[in-house]
Amino acid sequence: MCGIFGYVGKRNDGQKLVFNGLKSLEYRGYDSWGVGVIPEKKNTIVVKKKTGKIGNANVNDLPGGSLSFGHTRWATHGGVTDQNAHPHLDCNGEIAVIHNGIFENYEGIKQKLLKKGHKFVSETDTETLTHLLEDISKKEPFTEAVRTAFNQMEGLNAVIAVSTKENLLVAARNGSPLVIGFGKNENFLASDASALLPYTKEVYFLEDNEMAILASDKVTILNVKTARKIIPDRRKLDWRVEQGGKGKYEFYMLKEIFEQPQIIADIASLGASQAKEMAKIIREARGTYLVGCGTASYACLAGSYLFSKLAKRHVNFAIGSEFGYSLDFLNKDSLVIAISQSGETMDILESVKKAKNRDAKILSLVNVPGSSLYRLSDHKMLIMAGQEKAVASTKAFTGMVAHLVLLANSLNGGVRKGQKSLMQAVGSMKHVLSPGSLKKIDKLAGLIVGKKHVYVIGRGLSYPASLETALKIKEISYIHAEGLAAGELKHGPLALIEKGTPCISFLPNDETYGANLAGAMEMRARGGFIIGISHKPHEIFDYYINVPDAGESTIIPEVVVAQLLAYYLTMRKGLDPDKPRNLAKSVTVK
Ligand code: F6R
């Protein structure tokens, strides 16, 4: 969470470059943004910071400078105000800090600084660091002061600090991501390598407890604890800059939804050999655990059904934030399959590190190559969904499930069967995305947009589909939605169904059909408005959306219906599906 971008170099409009960099990082946080610049030959730091999304803002009123830094904020400490936006300055306006993470022990340090007479103007934890640096740099050179201060910080953090006395960007990382970009007589820093692509492809991913001192012609990396120099293992990114922005679509989310048939077809053809390779690793493991957060956790849950059904294998499933509390039995023969779009989700990284400490092997399935999870894994698979910009995950989810379909089939020697079923899913998705079907889903959104609660039921593979449907609806349209295993209805939730309550039922062409229909009937008997998502209509449906059967991959087109429904609900409420309130794309805090 929070986007960081820094520049030091030959250009004298560094503030504009940083501002543009922030635009590409805004998915990481959009409560507020800010840019700081040290103008040429002036001993001062000029800052512009504002609440809200960047939108049509500009930094034309900032002076030019060759050292600049910026931040997009996802608020943790302190409300969403201009004052709390980053960068933060010390008492004299000579030191500035931008920060991603949580400075857990800031309160005690702040109290001591207040006693020394420092004036605080924000409610943030970050501001404490600026005053701490002011204090320490009276006795130590600035770069050393950053090291000393960072070592006092508890928590998972990434910071950039600058001082008017040095033409340097000084950064340190523990937990939150930071990438250095190497240019010619210019160097860059960002919290996501994709933001660096327009400027350089030569990068170094800063590791935990490393700090970087960036001048225009030199980058020095040190161990933050020992000050020992580190020779950076530079990498050349072979990523391409995503072209075309939103293209013909009004929002990234819709664009990404429409990209799915092609992505799944590509995974079906390009992912098979990788799946066969990884199946060997799974076969050798004694105890396999699928771990993910949010939408990725539902892909993991779907994976546990797929492995059982297709590979006759017991695979455990855990939510990333909980896994750390239930992994005491892991050992060197265990395999953790960690699934994450960003590869930066702190809840996953933390539990994966704990698993590694118990000598378990890590196989990651991530969308962002070079991400923290990717780097710390023993075995790596790429989702290959292309950059996902909308906060609500769509194509990454279906991509994750597609790889799991191939993996589960590979385990029983049937990768071709997996490919075939994915191609069926592609056909089914194309049907869901056809004009007639879109119209029906949009009309459904119109019928339920005024409702306060939506319930979604499924069994087997449609159970994770139900959970994902509810998550998509609530996170972007802000309508309360609950996904349930259909069998659980009678154990409590049925009490909530009343006349007109929208009840979405997944009824695929599999063993769950009859039991799911029974669940839908139970809801109908209580007055529920039954929305059947199925390969065939049924008289009990008040509304029907057709999803052609795609065998065990039917969950993929089912979820595409859910994505579209959530999107149309959001449109009807006049909300921004790409940047829903309170959320951010990459969740790098615990
Ligand atoms: C929901 C959503 C989140 C993410 C979750 C994990 O649409 O996007 O629930 O799925 O934060 O993120 P990754 O996959 O990056 O680990």
Side-chain angles (χ1 to χ4, degrees), residues 298 301-302 305 428 431-432 436-475 477-550 554-570 572-573:
Y298 303 146
L301 181 58
Y305 285 95
S428 181
H431 169 80
V432 169
S437 159
L438 293 176
K439 219 167 150 193
K440 269 202 108 176
I441 300 170
D442 186 22
K443 189 170 164 210
L444 172 62
L447 293 175
I448 65 174
V449 68
K451 301 287 181 183
K452 281 212 160 58
H453 310 281
V454 176
Y455 296 92
V456 195
I457 59 163
R459 284 175 187 250
L461 275 162
S462 302
Y463 170 44
S466 306
L467 297 171
E468 174 60 1
T469 304
L471 180 61
K472 283 291 93 83
I473 292 176
K474 61 190 152 194
E475 76 176 311
S477 76
Y478 315 151
I479 296 171
H480 169 242
E482 213 174 308
L484 299 159
E488 283 295 291
L489 266 179
K490 53 191 176 299
H491 300 294
L494 205 52
L496 296 166
I497 309 299
E498 43 189 45
K499 195 167 170 9
T501 306
C503 303
I504 300 176
S505 271
F506 285 109
L507 294 134
N509 185 24
D510 66 14
E511 63 191 327
T512 66
Y513 185 87
N516 256 352
L517 197 62
M521 282 173 178
E522 285 162 15
M523 296 199 288
R524 192 156 200 260
R526 274 84 192 170
F529 175 76
I530 308 301
I531 300 146
I533 301 182
S534 182
H535 58 292
K536 59 180 184 190
H538 193 283
E539 61 192 17
I540 72 148
F541 300 159
D542 295 297
Y543 204 89
Y544 168 57
I545 306 284
N546 176 238
V547 171
D549 180 33
T554 305
I555 178 176
I556 294 175
E558 280 178 347
V559 166
V560 176
V561 174
Q563 297 163 353
L564 288 163
L565 178 60
Y567 176 82
Y568 287 130
L569 285 168
T570 308
R572 285 176 179 268
K573 292 183 81 173

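Here the structure is a predicted model, which means the values were calculated and not measured. One is the number of the first residue; the rest follow in order along the sequence. Side-chain atoms are counted along with the backbone in the values below, which use heavy atoms only and exclude waters and symmetry mates.
- Enclosure of atom NZ in Lys443 is not indicated, since only 12 or fewer non-hydrogen atoms of other residues, nucleotides or ligands lie within 6.0 angstrom.
- By the 30° and 60° cut-offs, the orientation of the rings of His538 relative to Phe541 is tilted.
- In summary, Asp510 and Arg459 do not engage in a salt bridge, as defined by a charged side-chain N under 4.0 Å from a carboxylate O.
- Atom OG of Ser462 sits about 7.0 Å away from atom CD1 of Ile555, to the nearest 0.5 Å.
- Look at Arg526 and Glu522 and you find no salt bridge, because none of the NZ, NE, NH1 or NH2 atoms lies under 4.0 Å from a carboxylate O.
- Using a 30° and 60° split on the angle between ring planes, Tyr543 and Phe529 fall in the tilted class, from 30° to 60°.
- How far CG of Leu484 is from CG of Leu496: 9.0 Å, rounded to the nearest 0.5 Å.
- In this structure a side-chain-to-backbone donor-acceptor pair under 3.5 Å is present from Lys474 to Ala481.
- The two residues Asp542 and Arg524 have their closest heavy-atom pair at OD1-NH2, 3.5 Å.
- Without hydrogens or angle criteria, Asn516 side chain to Ile457 main chain gives no donor-acceptor distance under 3.5 Å.
- For the pair Gly487 and Lys490, the tightest heavy-atom approach, listed with the atom from each and the gap, is O-NZ, 2.9 Å.
- The distance from the CD1 atom of Ile448 to the CZ atom of Arg572 is 10.0 Å, given to the nearest 0.5 Å.
- Atom-to-atom distance recorded for Lys440:NZ and Leu564:CG is 14.0 Å, nearest 0.5 angstrom.
- The two atoms that bring Ile479 and Lys451 nearest to each other are CG2-O, 3.6 Å, heavy atoms only.
- Taking each heavy atom of Gly458 and Ser466 in turn, the nearest pair found is N-OG, 3.0 Å.
- Taking NE2 from His453 and CD1 from Ile473, the interatomic distance works out to 13.5 Å, rounded to the nearest 0.5 Å.
- Here the shortest heavy-atom pairing between Leu569 and Ser477 reads CB-CB, 3.8 Å.
- Once rounded to the nearest 0.5 Å, the distance linking OG1 of Thr469 with CD1 of Ile531 reads 11.0 Å.
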